[in-house]
Amino acid sequence: MKPATIQSTLRRHFIQVLFGVSMTVRTRFAPSPTGMLHIGGARTALFAWLYARHHGGEFVLRIEDTDRERSTDEATTVILDGLSWLGLDWDGEPVFQAARQELHIQAAQQLIQQGDAYRCYCSKAELDDMREKQRAAGQKPMYDGRCSHRHDLSIDQPDDQAYVIRFRSPDEGETVVNDLVLGHVSFPNAELDDLILLRSDGTPTSNLAVVVDDADMEISHVVRGSDHLNNTPRQIQLYQALKLPIPQFAHIPLIHGPDGAKMSKRHGSVAITEYREQGYLADAVNNYLARLGWSHGDEEVFSRQQLIELFDLTQVGKAAARFDQQKLDWLNGQYMRQANAADLVAEVTRLLNTDISAGPALEPVIASLQERSKNLFDLAEGARFFYQAPDAYQEKAVKKNFRDTTWPLLESFIAGIEAMDDFSGEAAHALIGEICDKAELNMGKLAQPIRILIAGGPVSPPIDLTLGLLGKNETIQRLKAGIAALK
RNA sequence: GUCCCCAUCGUCUAGUCGGCCUAGGACACCGCCCUUUCACGGCGGCAACACCGGUUCGAAUCCGGUUGGGGACGCCA
């Protein structure tokens with residue numbers, strides 16, 4: 001046993017002793033490594049993580065790589081990166097499902113011995129044909145159990161004909177899922193066909209593996225997307241047949257695109273890591289995702305800590321939610337403003353991707369831009385002119401703010417700051433005021449042209465801050481270059 | 001098609017056991033204010049209980065149906 005495992009086992013034991021019952025919450029996130037970690041998966045992971053953390057329990061990771069055709073190590077890495085970025089830390093090492101085949105096969109053997117599973121010799125073509133006929137007859141395509149009563153071939157007898165192992169599910173009665181989000185959901189057993197446990201190559205299928213693993217890993221609450229709801233009654237039957245304790249289930253509604261259809265590539269950035277590239281803050285994404293389907297009164301902004309304190313599955317809504325980029329943008333803006341400038345330096349430096357050694361310190365530049373930036377990308381672009389003199393001036397802004405009277409104002413401004421012994425943003429600002437007063441103009445008549453020559457466009461932090469950060473020499477140099485270029 | 005789920009402003013949602021809801025908040029949108037720019041912020045506005053029945057003194061809230069949307073129907077997960 002690894003130290004971490006011993007520790008968690010001890011902790012679980014401690015809680016059990018303390019409360020006299022087994023009440024450890026243990027949730028899991030079980031992605032299949034066949035693609036990116038998308039928005040929906042990230043939210044499922046977040047909810048499972050929040051639930052565990054809220055209850056002081058554990059959150060574990062299981063990589064469901066049993067479909068070896070489509071699973072890749074690369075996808076696993078991307079998923080882990082995504083979770084790490086969001087700060088959804090997992091307990092212990094990730095478990096790889098493919099490595100646990102023996103356990104799954106054993107369970108299948110047990111079911112065979114109990115008579116709860118049987119060999120099915122139906123070929124792919126035969127099954128296709130069967131389904132096609134069912135569909136044509138307006139029925140739900142499902143296995144009709146044609147091999148379940150074949151007694152002519154002993155299941156223990158070696159056979160050169162390919163077969164799969166199917167679960168013998170009950171035909172009558174109903175199976176009830178008691179879901180923490182959806183409540184009672186019952187399925188007629190007649191609707192549940194005999195699912196495949198072991199493929200013809202002997203490998204276990206996901207439904208078997210999930211049940212065996214969730215039980216073996218002592219998962220107390222299975223939190224997953226509601227696209228798995230239909231698998232749940234079958235899984236419950238497997239738990240029962242294997243005499244394993246049934247966990248609690250919580251099926252989280254799916255996230256739809258703005259058009260109401262399931263999220264897909266055409267809705268833009270579905271990979272969670274894409275949001276990092278676009279300059280979103282992890283906590284803002286978490287906050288947004290949490291509010292999609294969950295709420296706490298009228299509040300909108302929740303820190304990570306508050307989410308852990310307040311989150312509960314009982315407050316998760318049942319309806320699917322649409323993804324709304326504008327609200328994410330707004331929330332991200334909230335976090336941008338709240339953030340410590342120092343914490344943003346590294347990421348902004350990366351996004352700027354230019355030499356900043358000659359310009360002002362990045363931290364105060366960031367501070368001056370935080371409240372006018374929706375995201376880090378915005379912020380980096382807003383900061384760029386501090387380190388790169390404009391090579392062009394926005395035409396529309398020039399047209400609007402420059403006229404013949406502008407030039408003398410600029411000249412006297414330059415003369416004024418050239419004469420200053422100790423230049424500062426405040427002094428420059430005061431000078432603009434003086435010049436405009438004298439000319440009986442409002443300050444914008446001079447401040448805007450200055451801004452355009454300095455930044456290349458009509459947008460920047462307040463002029464005093466901007467000039468103060470840029471410094472006397474750079475200010476003069478840019479103004480002169482601008483006059484030369486435009487006059 | 002069959003089974004399952006869902007249904008409050010354009011979007012996310014509040015709405016504990018039906019009365020406090022002439023339905024609240026947030027995003028978006030539209031005004032106004034603040035402002036040397038862009039933003040932030042402040043104030044105000046627009047805007048919803050899908051429909052039809054029933055239960056009840058009283059329903060967004062309970063029940064039934066209709067409609068609409070979504071999910072699932074693989075030797076994928």
Side-chain angles (χ1 to χ4, degrees), chain A residues 30-34 64-67 69-71 97 120 122-124 127-128 131 134-143 162-166 177 179 181-183 185-188 190-193 195-201 203 205-207 209-210 225-233 251 253-254 256 258 260-262 288 291-301 317-331 333 337 369-374 382 397 401 429 432-433 436 442-448 450-452 455 457-464 466:
Chain A
S32 53
T34 53
E64 309 220 318
D65 54 350
T66 53
D67 182 355
E69 295 267 303
R70 298 190 302 158
S71 298
Q97 193 162 55
C120 167
C122 297
S123 68
K124 188 94 173 62
L127 294 175
D128 284 347
R131 292 195 190 97
Q134 288 167 329
R135 255 182 233 277
Q139 294 170 321
K140 178 195 231 170
M142 51 191 270
Y143 184 64
Y163 61 86
V164 299
I165 300 297
R166 284 187 187 268
V177 179
D179 194 271
V181 171
L182 298 170
V185 183
S186 71
F187 296 81
E191 290 294 329
L192 308 170
D193 63 3
L195 78 233
I196 293 175
L197 265 18
L198 298 181
R199 303 183 183 103
S200 52
D201 65 359
T203 59
T205 57
S206 72
N207 274 308
V210 163
S226 64
D227 49 344
H228 288 284
L229 181 63
N230 291 283
N231 289 328
T232 310
H251 287 92
L254 301 179
H256 291 161
K262 200 179 180 181
Y288 177 71
R291 276 291 287 102
L292 220 50
W294 173 85
S295 64
H296 183 74
D298 286 341
E299 291 172 54
E300 297 288 347
V301 184
K318 297 176 176 182
R322 295 184 192 208
F323 184 79
D324 180 13
Q325 178 106 21
Q326 286 180 316
K327 187 135 186 187
L328 205 209
D329 284 344
W330 172 78
L331 251 180
R337 262 160 254 139
L369 288 159
Q370 272 177 274
E371 72 175 20
R372 67 202 77 237
S373 306
K374 279 193 314 200
N401 292 287
H429 186 252
I432 295 172
C436 290
N442 65 38
M443 284 174 65
K445 291 288 186 289
L446 176 54
Q448 272 311 82
I450 291 174
R451 196 188 306 275
I452 291 161
V459 177
S460 87
I463 201 76
D464 52 341
T466 304

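Just so it is clear: chains get the letters A, B, ... in the order the sequence lines come, proteins before strands, and each one is counted from 1.
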Report summary line: Going 5' to 3' through nucleotides 63-77 of chain B and flagging B where a protein heavy-atom sits under 4.0 Å of the base, S where only the sugar-phosphate is that close, and - otherwise, we get -------SBSBSBBB

Indicate the atoms forming the closest heavy-atom contact of [X] with [Y], along with that distance.
X: A:Q97; Y: A:A209; answer: NE2-CB, 3.3 Å
X: A:N401; Y: A:Q448; answer: OD1-CB, 3.5 Å
X: A:R337; Y: A:E371; answer: CG-CA, 3.4 Å

[N] versus [M] - spacing of their [atom1] atoms, nearest Å:
N: B:C27; M: B:G42; atom1: P; answer: 9 Å
N: B:C43; M: B:C5; atom1: P; answer: 44 Å
N: B:C30; M: B:A50; atom1: C1'; answer: 27 Å
N: B:A72; M: B:G10; atom1: P; answer: 28 Å
N: B:G71; M: B:C52; atom1: C1'; answer: 27 Å
N: B:U36; M: B:G31; atom1: C1'; answer: 23 Å
N: B:G19; M: B:C62; atom1: C1'; answer: 14 Å
N: B:C17; M: B:U56; atom1: C1'; answer: 15 Å

Write down the distance between [atom1] ([X]) and [atom2] ([N]), rounded to a whole number of angstrom.
X: A:L446; N: B:U37; atom1: CG; atom2: P; result: 14 Å
X: A:W330; N: B:G41; atom1: CH2; atom2: C1'; result: 13 Å
X: A:E191; N: B:C5; atom1: CD; atom2: C1'; result: 15 Å
X: A:R291; N: B:C27; atom1: CZ; atom2: C1'; result: 10 Å
X: A:Q326; N: B:A26; atom1: CD; atom2: C1'; result: 13 Å
X: A:R337; N: B:C38; atom1: CZ; atom2: P; result: 16 Å
X: A:I463; N: B:C38; atom1: CD1; atom2: C1'; result: 12 Å
X: A:E299; N: B:C12; atom1: CD; atom2: C1'; result: 15 Å

Return yes if some donor-acceptor pair links the side-chain N/O of [X] with the main-chain N/O of [Y] below 3.5 Å, else return no.
X: A:T205; Y: A:I196; value: yes
X: A:D65; Y: A:S71; value: no
X: A:R322; Y: A:P258; value: yes
X: A:Y288; Y: A:D324; value: yes
X: A:T466; Y: A:P461; value: yes
X: A:R291; Y: A:W294; value: yes

Query - Phosphate OP1/OP2 of B:U11 contacted by A:K327 side-chain N/O (<4.0 Å) - result: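 A:K327 to B:U11 OP1/OP2: no side-chain N or O under 4.0 Å.
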
**Report entry** B:A14 phosphate, OP1 or OP2, under 4.0 Å from A:S295 side-chain N/O
**Finding:**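 Looking at the OP1 and OP2 atoms of B:A14, one of them is under 4.0 Å from a side-chain N or O of A:S295.
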
Mind checking [X] for me? I need base, sugar-phosphate or nothing, with any heavy atom below 4.0 Å counting as a touch.
X: A:S186; answer: sugar-phosphate
X: A:E300; answer: base
X: A:L182; answer: sugar-phosphate
X: A:P462; answer: base
X: A:H429; answer: base
X: A:G293; answer: sugar-phosphate

From the set [options], return the single nucleotide nearest to any side-chain atom of [X].
X: A:D298; options: B:C6, B:G24, B:C3; value: B:G24
X: A:D324; options: B:A26, B:U37, B:C27; value: B:C27
X: A:D464; options: B:G41, B:U36, B:A28; value: B:U36

Pair partner, [N] [Watson-Crick or wobble, under 3.5 Å]:
N: B:U37; value: none
N: B:G64; value: B:C52
N: B:C73; value: B:G1
N: B:C29; value: B:G45

Requested in this report: Could you check if a side-chain atom of A:V181 sits within less than 4.5 angstrom of a side-chain atom of A:H251, using non-hydrogen atoms only?
Outcome: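 Result no, sub-4.5 Å side-chain heavy-atom pair not found.
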
Query raised in the report: Syn versus anti for B:C34, judged by chi lying within 90° of 0?
Result: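 Here B:C34 takes the anti form, which means its glycosidic angle is more than 90° from 0.
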
Query raised in the report: Closest nucleotide of RNA chain B for A:A137 versus for A:W294: which of these residues is on the 5' side?
Result: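 Residue closer to the 5' terminus by nearest nucleotide: A:A137.
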
